[in-house]
Amino acid sequence: QVQLEESGGGLVQAGGSLSLSCAVSGNIFSIDSMGWYRQFPGKERELVARITRGGDITYADSVKGRFTISRDSAWNTLYLQIDSLKPEDTAVFYCSAMRLISRNKYLEVWGQGTGVTVSS
């Protein structure tokens with residue numbers, strides 16, 4: 001089992017920055033990659049950024065240049081730095097971990113989410 005707990009969300013003014021954290025516990029060795037997703041009101045959850053165990057990083061085109069994903073070397077914490085925040089960034093952000101549970105079989109685990117509200 002892997003447990004994820006996000007923190008760092010809140011209310012911030014447009015143009016500001018925010019750093020989200022995701023504390024990881026449990027069977028960390030089973031984690032193949034981790035990511036941040038966001039969900040706008042009334043919309044589907046969408047991938048923001050992902051980082052693999054090997055350190056490969058991908059970003060959604062819409063966030064390149066403003067969002068930075070990182071992790072500590074032990075997979076204890078995943079981070080998302082968000083700069084130049086815009087009101088349209090207002091969303092609930094979720095941390096996810098892709099666990100390798102058997103050969104070529106993965107299970108995605110989710111945190112409970114943390115809300116980010118950007119005021120204009």
Mind running side chain to side chain contact (heavy atoms under 4.5 Å, CB included) on W36 and I51 for me, showing each step along the way?
CA-CA 9 Å; W36 285 99; I51 184 168; over 6 Å; no

Under the side chain to side chain contact (heavy atoms under 4.5 Å, CB included) criterion, do V116 and L20 qualify, and how do the steps go?
CA-CA 9 Å; V116 172; L20 304 181; 4.1 Å; yes

After noting the C-alpha distance and the side-chain angles of R45 and S96, does the key distance pass the side chain to side chain donor-acceptor pair (under 3.5 Å) rule?
CA-CA 11 Å; R45 200 172 294 186; S96 88; over 6 Å; no

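The shortest heavy-atom contact between S119 and L11 is CB-CD1, 4.3 Å. Listed here is the closest heavy atom pair of F40 and A91: CD2-CB, 3.7 Å. Nearest heavy atom pair, residue V48 against residue V63, reads O-CG2, 3.6 Å. Nearest heavy-atom pair across G9 and L18 is CA-CD2, 4.3 Å. What you find for V12 and S17 is that their closest heavy atoms are CG2-O, 4.0 Å.
Of the possible polar contacts, one joining the T90 side chain to the V118 backbone as a donor-acceptor pair under 3.5 Å is found. A donor-acceptor pair under 3.5 Å is absent between the side-chain atoms of D32 and the main chain of M98, judged by distance alone. In this structure, R66 contributes its side chain and S84 its backbone to a donor-acceptor pair below 3.5 Å. Of the possible donor and acceptor atoms, none in the side chain of R50 sits under 3.5 Å from a partner among the backbone N and O of I69.
Between L4 atom CG and T77 atom OG1 the span is 11.0 Å, to the nearest 0.5 Å. In this structure, S21 OG and R71 CZ are separated by 15.0 Å, a value rounded to the nearest 0.5 Å. Taking OG of S70 as the reference point, atom CE of M34 lies at 11.5 Å (rounded to 0.5 Å). Rounding to the nearest 0.5 Å gives a distance of 15.0 Å between CZ of R38 and OG1 of T114. E108 contributes atom CD, which lies 12.0 Å from atom CZ of R99 (distance to the nearest 0.5 angstrom). Y79 contributes atom OH, which lies 14.0 Å from atom OG1 of T68 (distance to the nearest 0.5 angstrom).
Here K64 pairs with D61 in a salt bridge; the nearest charged N to carboxylate O distance falls below 4.0 Å.
For Q112, the side chain to side chain contact (heavy atoms under 4.5 Å, CB included) partners two or more places apart in sequence, or in a different chain, are E5, E6.
Applying the disulfide (SG to SG under 2.5 Å) definition to pairs two or more places apart or across chains, those involving residues 15-103 are C22-C95. Among pairs with a residue in residues 48-67, none fulfils ring-ring contact (aromatic ring centres under 6.0 Å, His included), at least two apart in sequence or across chains.
Taking hydrophobic clusters as Ile, Leu, Val, Met, Phe, Trp and Tyr residues chained together by side-chain heavy-atom distances below 4.5 Å, I57 shares a cluster with I82. Hydrophobic cluster membership is shared by W75 and V2, with clusters built from Ile, Leu, Val, Met, Phe, Trp and Tyr side chains linked at under 4.5 angstrom. Clustering ILVMFWY residues whenever any of their side-chain heavy atoms sit less than 4.5 angstrom apart, transitively, puts V92 in a cluster other than the one holding V109.
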